[in-house]
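Note sheet for the following structure.
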Amino acid sequence: QVQLVESGGGLVQAGASLRVSCAASGLTFSSYAMGWFRQAPGKEREFVSAVSWSGAYTYYTESVKGRFTISRDNAKNTVYLQMNSLKPEDTAVYYCGAKRSGGWRFDQISLPDEYNYWGQGTQVTVSS
């Protein structure tokens, strides 16, 4: 049984930092690309960042470039998203996803339908 469990969300002020984590079990973690998505109330789930199977390659959506950093530890079956200089518009539920197969093009890695498994999400709230 595959499980992805996010943690580390919370309420912070604008400009603060937060690191969210996603611990995976029940799958061969190093065989999956991992992605972070977020969903604000009334909006669709949107791509934030992704990291390749080995961790060598990453993608970011434009609005978080230079502020967020994705990383993974295959020995711990965990993917992280370090979020710095947080803004109120970053407020959302953050989900991690695991993508088993397919390509590494941005148009593939950024689509929720490309992911095989999802966590339950962790709330990140940034106050102004």
Side-chain angles (χ1 to χ4, degrees):
Q1 179 183 358
V2 175
Q3 281 193 313
L4 301 179
V5 180
E6 298 96 335
S7 61
L11 171 63
V12 297
Q13 290 190 330
S17 297
L18 206 59
R19 188 178 79 160
V20 291
S21 303
C22 172
S25 60
L27 75 171
T28 304
F29 185 68
S30 59
S31 296
Y32 287 78
M34 298 298 294
W36 284 99
F37 288 71
R38 64 188 179 188
Q39 188 166 18
K43 295 188 176 181
E44 293 186 352
R45 189 170 298 193
E46 67 166 352
F47 173 77
V48 176
S49 182
V51 60
S52 63
W53 301 260
S54 67
Y57 304 101
T58 58
Y59 279 121
Y60 298 92
T61 194
E62 197 63 36
S63 63
V64 309
K65 283 181 180 178
R67 299 189 298 122
F68 290 12
T69 302
I70 192 171
S71 62
R72 67 188 295 162
D73 185 337
N74 285 348
K76 295 183 178 179
N77 287 4
T78 301
V79 60
Y80 306 96
L81 185 68
Q82 176 68 42
M83 303 182 290
N84 298 331
S85 302
L86 282 161
K87 303 175 181 180
E89 51 263 44
D90 295 318
T91 295
V93 177
Y94 282 70
Y95 297 91
C96 71
K99 181 181 182 301
R100 175 63 180 92
S101 60
W104 180 245
R105 294 197 321 264
F106 182 79
D107 63 336
Q108 296 167 317
I109 207 74
S110 62
L111 293 178
D113 287 348
E114 290 283 328
Y115 288 75
N116 304 97
Y117 303 106
W118 291 96
Q120 82 292 345
T122 186
Q123 176 71 47
V124 172
T125 303
V126 184
S127 63
S128 57

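Nothing here was measured: the structure is a model prediction, and the numbers come from that model.
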Worksheet item: Does the side chain of Gln108 pick up a donor-acceptor pair with the side chain of Ser110 at under 3.5 Å?
Response: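 Short answer, no.
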Worksheet item: By side-chain hydrogen bond (donor to acceptor under 3.5 Å, both in side chains), which residues pair with Ser71, not counting sequence neighbours?
Response: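 Expected list: none.
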Item to complete: Would you please name every residue forming a side-chain hydrogen bond (donor to acceptor under 3.5 Å, both in side chains) with Gln82, sequence neighbours left out?
Response: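 So Gln82 forms a side-chain hydrogen bond (donor to acceptor under 3.5 Å, both in side chains) with Asn84.
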Item to complete: Using salt bridge (Lys or Arg N to Asp or Glu O under 4.0 Å) as the criterion, list what pairs up with Asp113, not counting sequence neighbours.
Response: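 Asp113: no salt bridge (Lys or Arg N to Asp or Glu O under 4.0 Å) contacts found.
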Item to complete: Please name all residues satisfying salt bridge (Lys or Arg N to Asp or Glu O under 4.0 Å) with Arg67, sequence neighbours left out, ordered by chain then number.
Response: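 Result, salt bridge (Lys or Arg N to Asp or Glu O under 4.0 Å) vs Arg67: Asp90.
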Worksheet entry | Under 4.5 Å side-chain linkage, directly or through intermediates, the cluster mates of Leu27 |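 So far as hydrophobic clustering goes, Leu27 is joined with Val2, Leu4, Val12, Leu18, Val20, Phe29, Tyr32, Met34, Trp36, Val48, Val51, Tyr60, Val64, Phe68, Ile70, Val79, Leu81, Met83, Leu86, Tyr94, Tyr117, Val124, Val126.
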Worksheet entry | Residue pairs, two or more places apart or on separate chains, that pass side chain to side chain donor-acceptor pair (under 3.5 Å) and touch residues 39-52 |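 Only Arg38-Glu46 qualify under side chain to side chain donor-acceptor pair (under 3.5 Å).
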Discussion item. Treating Thr125 as the side-chain partner and Leu11 as the backbone partner, does any N or O pair qualify as donor plus acceptor under 3.5 Å?
Written reply: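 Absent.
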Item to complete: Using atom types as modelled and distance alone, determine if a side-chain donor or acceptor of Thr91 lies under 3.5 Å from a backbone N or O of Glu89.
Response: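 Side chain of Thr91 to backbone of Glu89, a donor-acceptor pair under 3.5 Å: no, none is there.
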Practice prompt. Measure across Asp73 and Tyr80 and return the closest heavy-atom pair with its distance rounded to 0.1 Å.
Written response: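 Looks like CB-CE1, 4.1 Å.
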Item to complete: For Phe37, enumerate each residue passing the ring-ring contact (aromatic ring centres under 6.0 Å, His included) test, keeping only those at least two apart in sequence or located in another chain.
Response: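 By the ring-ring contact (aromatic ring centres under 6.0 Å, His included) rule, Phe37 matches Phe47, Tyr115, Trp118.
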Practice prompt. Return the set of residues passing side-chain contact (heavy atoms from CB on, under 4.5 Å) with Thr28 (not counting sequence neighbours), or none when no residue passes.
Written response: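 Checked Thr28 against side-chain contact (heavy atoms from CB on, under 4.5 Å); matches are Ser30, Ser31.
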Discussion item. Can you pull out every disulfide bond (SG atoms under 2.5 Å apart) where at least one residue sits in residues 72-120? Sequence neighbours excluded, please.
Written reply: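 Qualifying pairs, neighbours excluded: Cys22-Cys96.
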Worksheet item: Tell me, which pairs form a salt bridge (Lys or Arg N to Asp or Glu O under 4.0 Å) where one or both residues lie in residues 7-19, sequence neighbours left out?
Response: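 For residues 7-19, and leaving out neighbouring residues, there are no salt bridge (Lys or Arg N to Asp or Glu O under 4.0 Å) pairs at all.
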